[in-house]
4 protein chains.
Amino acid sequence: MCRWIAYRGETIPLEQYVTAPAHSLVVQSQRALESTASTNGDGFGLGWYGEHSEPGLYREVRPAWSDENLRYLCRHIRSHLYFAHVRASTGTPVTRPNCHPFACGRWLFMHNGLIGSWSRIRRQVESLIPDELYGSRVGTTDSEAVFLAILGAGVDKDPIGATAKVLSALTEMVSEKGHKEPLRFTAALTNGSDLYAFRYAANDNANTLYYRESAGNVVVVSEPLDSEHGNWKPVPPGAVLTARPGEAVSLEPFLSQRQIAAE
Amino acid sequence: MCRWIAYRGETIPLEQYVTAPAHSLVVQSQRALESTASTNGDGFGLGWYGEHSEPGLYREVRPAWSDENLRYLCRHIRSHLYFAHVRASTGTPVTRPNCHPFACGRWLFMHNGLIGSWSRIRRQVESLIPDELYGSRVGTTDSEAVFLAILGAGVDKDPIGATAKVLSALTEMVSEKGHKEPLRFTAALTNGSDLYAFRYAANDNANTLYYRESAGNVVVVSEPLDSEHGNWKPVPPGAVLTARPGEAVSLEPFLSQRQIAAE
Amino acid sequence: MCRWIAYRGETIPLEQYVTAPAHSLVVQSQRALESTASTNGDGFGLGWYGEHSEPGLYREVRPAWSDENLRYLCRHIRSHLYFAHVRASTGTPVTRPNCHPFACGRWLFMHNGLIGSWSRIRRQVESLIPDELYGSRVGTTDSEAVFLAILGAGVDKDPIGATAKVLSALTEMVSEKGHKEPLRFTAALTNGSDLYAFRYAANDNANTLYYRESAGNVVVVSEPLDSEHGNWKPVPPGAVLTARPGEAVSLEPFLSQRQIAAE
Amino acid sequence: MCRWIAYRGETIPLEQYVTAPAHSLVVQSQRALESTASTNGDGFGLGWYGEHSEPGLYREVRPAWSDENLRYLCRHIRSHLYFAHVRASTGTPVTRPNCHPFACGRWLFMHNGLIGSWSRIRRQVESLIPDELYGSRVGTTDSEAVFLAILGAGVDKDPIGATAKVLSALTEMVSEKGHKEPLRFTAALTNGSDLYAFRYAANDNANTLYYRESAGNVVVVSEPLDSEHGNWKPVPPGAVLTARPGEAVSLEPFLSQRQIAAE
């Protein structure tokens, strides 16, 4: 079920959230608390922005907790906007291209969730990816397919709208013909400047998502990084968090289940 | 461009052809002679039949020449029918699911070659895979897609016919609209009993393929395993070799370039 | 803290104990019950005997639970005597040469336990390895050093005596100058014919060890492979189990803590 | 036989020498020209200094040429002093701790060469490592042992003297009792500020070593990174290059073979 963190703010070393806190993401790779899978040992990844418009990427199939490289990189790389993810596979192979985050051009994406009956609707989902982006599909996960579909749905003009369009289509796919398969989508998306974090589900409860904001810096996490739970605010189900440079974090409704049901 | 060997005959340890000969497949992984890529270090794989109707599989992303596991397995596993492959990627990622051979049910397949303009026609090729087999696509190579397309084209009734049908479609795809992209297909296919080895190309010269037959045992190879070249007979371009239990090896024409041109 | 199984008896596929049971070793790699480390995801290994006097070996740094190769190998390899091990590192790096089991000549060894203050006494322990065996040290674990020391202490003539000699020396090392560091040694040793399983500790409680015997077949395990706990007998602390072809399993005292204390 | 580059100068992205040039280190990993091993596919490593006194490290067992992470890191990490190394193993296993460079405290080291009869003199060499540094031995290579011996020989006060002391001892070890085994040592050493590069051999010819200096920036390489060979000056055999901030590169004799012979 995966665990992840996303950070946007002043430039800091990655270690500040990935490896240092008491319940850091690396600790969560071995012992997650708010997840059905307590072990997230099926690979991991880092994505970060520096001086280039395209992000850097480090993905590896080994568990995060024993990766010496990860510790060195988190100590030495600094960024104003970065993603980190530890994976618990829901069936697709443990390969680097199947590890999150996914990068394409200046966009970066990671996901915690599930598309029910993936094997049945995989082709339908992949058909949402436009031809010109299909060559960027280097793995086989549902998450990467959804990312490329979002890119193809007009992400540059309207990131939230593009995501809503794709998730709306997915909701129909998992719900059609009375299947009512679960769809859980707790995801982060960025263009290197603005950060979007989604918490959404159809036919199921949404996975947990929290954030902490202080002095213009925001961290969004699958579960709190320390025991001071009061500092961590939940992102409500059916909501999207937006963090833009120089603006306070905002929350808006995102395809609430009621809306979907009404369609 | 990959190197491979296929064996059918009496039960022998895999090491007899994979690791032991002077110019064994493992030696070829570091220093191939008849290949455009002299290094085949982008992963490797073994597939073999034992007492089950489905083959065993061992695939790894590291180069064959330094894999201690490979030496142990080749020494300890015995088989009457096995494939071994060392990979030189033509662009798709180095992951286990992208390593040859590919297994599905009782079928096993491996390939040395290229589909020109893969990124342009990938979706067309994948659309040859029937829905019920699409879930078996766990990697992203052209080779795996072709394998699943062959399985879907009636391999159980007519393996050579099914392969011809798919290769004929591929030949059209690489040739349409005057593109004339190269298609090279030097591949082995088996159901655990009968062995088929194809040497074919369109818009290009076919990759090399040799075989050696003695006392009912046949070895098919990308390049000879020793310097006694007289013992190794070339499979002609546009031909398929068939090795069935209790029968002598036979060679037949396979979609010769002239035939294709005439279609 | 690692989990392992050792089997001696009629020839069976490895899967019968490694992957098939409800609480198989592969399940234990993700969720061990009687261990301080519930995740054993720091690599794994198989060692087995076939027609050669030296065992085969398959060791890998990835977790056992996601290794496709492991499933294929366990299904296709059959053996009358095999070891399987999932590792939870106590500090040494996650590399293949640090994964258990360890092989040297016809001997095979695996271990679950700990040598307290390893960094302080590492050189002392390594000095127990005779020069002619030091070249066989390809990793950096305490377990491999202990194995090579046992081989050098006369394992061919008296396996239990050689093990006792080394463990006695280790007990002194961890106890000297009032340090009283823990030493836990729950290990399996075989020459391809006779199987020895040790449960021993000094300055600490011994790790769990169980066995099941029926119709001349014996399985020794860190923890039961199913919920029928009545079928699994504990090996007592300070004991060694011996399983020889054609003989019933026997248990004898092994360097009981009292004996050590009295020395 | 390995290939490496070392850079000291103004802060630049690692890609400038590791991945970008026509005959970059990554190209050399597949096709080295001045090396007995043309393939350097047995792992690789990066070490670099940023804002911390200790270097960052990225080491991986896969070949450099297919590692996507390496490309991202070289593009995104900038440094004023960095090492990069592609490995061709001379026998020790392909593990991350056996990949160069090696880091300990603020020191970084990498090596291209060979200690003849390593298995015979391994213990002698390891005995040069002081107890307080022996815990830092996490791999099994001769190179790491030599590095830790140099650190223990007074590297902080006199890096060249400490290296000379260890290499002199090694020269005796490979030469004693008329063995006359080859010793080849082409290595780079740094404390994060000063860069030392050694070219030395006993009982054999020294491996190649070149450097290029311009505008206060110096690159030291196993073989030139482009075809403009006039720009690359050889470091003579039996010499050490020193590059300190604000000083021109200097070359001095280092344990010339004549000196050794006279001892």
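Labels below follow one simple rule: chain letters A, B, ... track the order of the sequence lines, proteins then strands, and each chain is numbered from 1. All heavy atoms count here, side chains included; hydrogens, waters and symmetry mates do not.
- Residues C/L73 and B/L73 have side chains in contact (heavy-atom distance under 4.5 Å, counting atoms from C-beta outward).
- Looking only at heavy-atom pairs under 4.5 Å with chain B, the residue among C/R96, C/R59, C/E51 that has the most is C/R96.
- For the atom pair CG of B/N69 and CD of C/E60, the computed distance is 7.0 Å after rounding to the nearest 0.5 Å.
- Within the 4.5 angstrom heavy-atom criterion, atoms from both the backbone and the side chain of B/L57 approach chain C.
- Of the residues considered (C/H52, C/E54, C/R78), C/H52 shows the highest number of contacts with chain B, using heavy-atom pairs under 4.5 Å.
- Between chain C and the residues B/A103, B/P97, B/P13, B/G56, the largest count of heavy-atom pairs under 4.5 Å involves B/G56.
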